[in-house]
**Q** 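My structure is below; once you've seen it, I'll send some questions.
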Amino acid sequence: MGSMYEISPHPAWVDSLHTYAEPYWNQLLHSEWAEGLANSRLTLPEMQGWILQVYPFIHAFPKFLAEALIKVEDEYSRSFLIDNIRVEKAHAEHWLWMGQGFGLTREEMLELADGNKPVLRDVQCLTDWLWYVNAKGSLAEAVAATSFAIEGVTGELARKVADGFEAYRGRPGVDMNAKTYKWMREHAKYDDDHPKIALEIVKRHALTERAQMRVMLATKRSLELLHLALHSSFRAYSTVDRTEFAADDKRACERRSALRTISFPERRFGDRRGRALRAA
């Protein structure tokens with residue numbers, strides 16, 4: 001990070017954000033998809049399934065950032081988003097290389113991204129949510145949902161599964177070359193910085209209790225929907241019995257439900273006509 005991306009001390013509410021998001025973050029890190037990939041257990045059709053189905057989301061990702069850029073009025077946020085758009089455009093090409101390494105063609109991936117074939121429901125929900133929050137939400141919500149939540153957990157996921165991903169080298173139907181694993185290696189590296197800068201933008205713009213509450217909800221929603229998209233997209237192409245892993249997923253959901261709910265500020269917000277805040 002350059003000098004213009006200096007990170008300031010966190011205000012107290014950021015601890016609540018991390019605590020609130022943690023169970024959904026961990027659900028992704030310990031999901032059936034992540035554990036299967038980290039241990040090279042996913043079959044070739046399952047690998048092709050999630051790479052193919054999630055590509056339209058990756059293809060659209062720079063456009064989400066461009067929607068958020070429209071809202072920007074400060075140079076710090078503008079510089080970050082412009083640079084991130086450039087990076088994500090390159091990473092969309094790297095995803096195509098990854099798919100080709102696992103036996104997919106550019107044509108079938110681009111055909112899905114162009115809307116000539118439908119994507120799975122859960123992938124569409126993820127895409128629609130990111131479009132909505134970046135187009136209609138505040139800058140703090142948009143950056144929290146996109147660059148803090150999605151890019152942040154993607155970095156951790158990439159670091160977790162990178163070795164297992166490259167362990168597919170030599171399997172029938174897989175060409176594991178430098179292009180094939182470039183997306184995974186790049187995200188394991190750069191996504192350690194982007195979420196930190198994103199959080200700095202969120203801190204600068206989420207200055208009220210209401211704005212901070214909406215940031216928390218946007219972060220949670222992105223993590224939940226990414227989990228569903230990855231899970232559905234590899235399961236839809238599976239030809240094996242994964243009952244034992246379904247039980248693990250159920251236990252993970254139960255653990256998350258058992259966690260203490262993080263309460264939002266104890267205030268009742270006024271309506272859009274500007275009524276004064278009242279104590280709950």
Side-chain angles (χ1 to χ4, degrees), residues 23-61 92 94-113 115-129 150 153-154 156-176 180-181 183-184 187-188 222-256:
Y24 306 97
W25 193 287
N26 288 339
Q27 182 185 41
L28 259 166
L29 289 177
H30 303 294
S31 65
E32 183 182 349
W33 174 85
E35 295 294 341
L37 186 49
N39 294 286
S40 309
R41 288 197 303 253
L42 301 187
T43 65
L44 179 59
E46 289 171 342
M47 292 293 291
Q48 291 174 333
W50 70 263
I51 294 172
L52 174 64
Q53 285 290 326
V54 178
Y55 174 68
F57 173 72
I58 300 298
H59 178 81
F61 204 85
H94 300 165
W95 190 280
L96 290 172
W97 296 348
M98 178 168 64
Q100 289 175 298
F102 279 85
L104 296 169
T105 66
R106 292 178 66 94
E107 289 72 25
E108 62 186 316
M109 287 186 280
L110 290 170
E111 189 173 30
L112 207 63
N116 296 325
K117 289 185 178 180
V119 298
L120 292 171
R121 177 200 61 192
D122 289 335
V123 179
Q124 189 66 59
C125 287
L126 173 65
T127 301
D128 290 348
W129 159 245
I150 298 292
V153 79
T154 296
E156 282 206 47
L157 285 169
R159 286 185 285 278
K160 173 172 181 168
V161 307
D163 290 341
F165 180 86
E166 291 186 40
Y168 282 87
R169 185 186 306 275
R171 293 196 185 185
V174 178
D175 177 16
M176 184 58 68
T180 304
Y181 60 73
W183 188 94
M184 200 65 70
H187 280 73
S222 288
L223 295 172
E224 287 180 311
L225 293 179
L226 179 59
H227 169 71
L228 290 173
L230 289 169
H231 182 84
S232 297
S233 60
F234 95 84
R235 274 297 195 98
Y237 291 76
S238 182
T239 58
V240 299
D241 181 8
R242 295 194 172 273
T243 305
E244 59 178 301
F245 303 115
D248 289 341
D249 259 11
K250 181 179 179 181
R251 285 191 291 271
C253 289
E254 289 172 348
R255 286 195 300 271
R256 187 188 70 197

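Every heavy atom of this structure was used, including side-chain atoms; hydrogens, water molecules and symmetry mates were not. Residue numbers start at 1 and run along the sequence shown.
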**Q** Who are the side chain to side chain donor-acceptor pair (under 3.5 Å) partners of Ser233, not counting sequence neighbours?
**A** none
**Q** Side chain to side chain donor-acceptor pair (under 3.5 Å) with Tyr237: which residues, sequence neighbours excluded?
**A** Gln53
**Q** Which distance, rounded to the nearest 0.5 Å, do you find between the CD1 of Ile58 and the CE of Met109?
**A**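 Output value for this atom pair is 12.0 Å.
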**Q** Holding to salt bridge (charged side-chain N to carboxylate O under 4.0 Å, His left out), I want the full list of residues that pass it with Glu108, two or more places apart in sequence or in another chain.
**A**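 Salt bridge (charged side-chain N to carboxylate O under 4.0 Å, His left out) check on Glu108 returns nothing, list empty.
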**Q** Ignoring hydrogens and geometry, is there a side-chain-to-backbone donor-acceptor pair from His227 to Leu223 under 3.5 Å?
**A** no
**Q** So, do Leu37 and Tyr168 sit near enough that their side-chain heavy atoms are less than 4.5 Å apart?
**A**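 SC-SC contact between Leu37 and Tyr168 confirmed.
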**Q** Would you please name every residue forming a salt bridge (charged side-chain N to carboxylate O under 4.0 Å, His left out) with Arg106, sequence neighbours left out?
**A** Glu93
**Q** Can you find a pair of side-chain heavy atoms, one from Met47 and one from Val174, that are under 4.5 Å apart?
**A** no
**Q** Only counting residues at least two apart or in another chain, list the ones meeting side-chain contact (heavy atoms from CB on, under 4.5 Å) with Leu29.
**A** Trp25, Asn26, Glu156, Leu157
**Q** Using only atom types and a distance under 3.5 Å, with no angle test, would you say the side chain of Trp50 pairs donor to acceptor with the backbone of His231?
**A** no
**Q** What heavy-atom pair brings Ala167 and Ser40 nearest, and what distance separates the two atoms?
**A** CB-OG, 3.3 Å
**Q** Applying ring pair (Phe, Tyr, Trp, His ring centres under 6.0 Å), can you list everything that pairs with Phe57, at least two apart in sequence or on another chain?
**A**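 Phe57 satisfies ring pair (Phe, Tyr, Trp, His ring centres under 6.0 Å) with Phe61, Phe64 once adjacent residues are dropped.
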**Q** Less than 3.5 Å apart, which donor and acceptor atoms pair up between the side chains of residues 117-126 and the rest of the protein, not counting sequence neighbours?
**A**
residue	atom	partner	partner atom	Å
Asp122	OD2	Ser232	OG	2.4
Gln124	NE2	Asp128	OD1	2.8

**Q** Is any side-chain heavy atom of Tyr24 closer than 4.5 Å to one of Val153?
**A**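 The answer is no; the side chains never approach within 4.5 Å.
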**Q** For Thr180, what residues pass the side-chain contact (heavy atoms from CB on, under 4.5 Å) criterion, not counting sequence neighbours?
**A**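 Scan of Thr180 (side-chain contact (heavy atoms from CB on, under 4.5 Å), adjacent residues dropped) gives Phe102, Phe165, Met176, Asn177.
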**Q** Using side chain to side chain donor-acceptor pair (under 3.5 Å) as the criterion, list what pairs up with His59, not counting sequence neighbours.
**A** Tyr55
**Q** With rounding to the nearest 0.5 Å, note down the distance linking CZ in Phe234 to CG in Leu52.
**A** 15.5 Å
**Q** Output the distance between atom CD (Gln48) and atom CD (Glu46), rounded to the nearest 0.5 Å.
**A**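 One gets 10.5 Å once the value is rounded to the nearest 0.5 Å.
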**Q** Is the shortest heavy-atom distance from the side chain of Trp33 to the side chain of Leu42 under 4.5 Å?
**A** yes
**Q** Could you measure the distance from the CG atom of Leu96 to the CD1 atom of Ile51? Nearest 0.5 Å is fine.
**A** 11.0 Å
**Q** Listed by chain and number, what are the salt bridge (charged side-chain N to carboxylate O under 4.0 Å, His left out) partners of Asp163, not counting sequence neighbours?
**A** Arg185
**Q** Distance check, rounded to the nearest 0.5 Å: Thr43 atom OG1 versus Arg171 atom CZ?
**A**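 Reported to 0.5 Å precision, the distance equals 9.0 Å.
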**Q** Taking side-chain contact (heavy atoms from CB on, under 4.5 Å) as the test, write out the residues that go with Ala38, two or more places apart.
**A** Lys160, Val161
**Q** Does the side chain of Arg235 reach to within under 4.5 Å of the side chain of Glu32, using non-hydrogen atoms?
**A**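 Heavy-atom side-chain distance check passes, below 4.5 Å.
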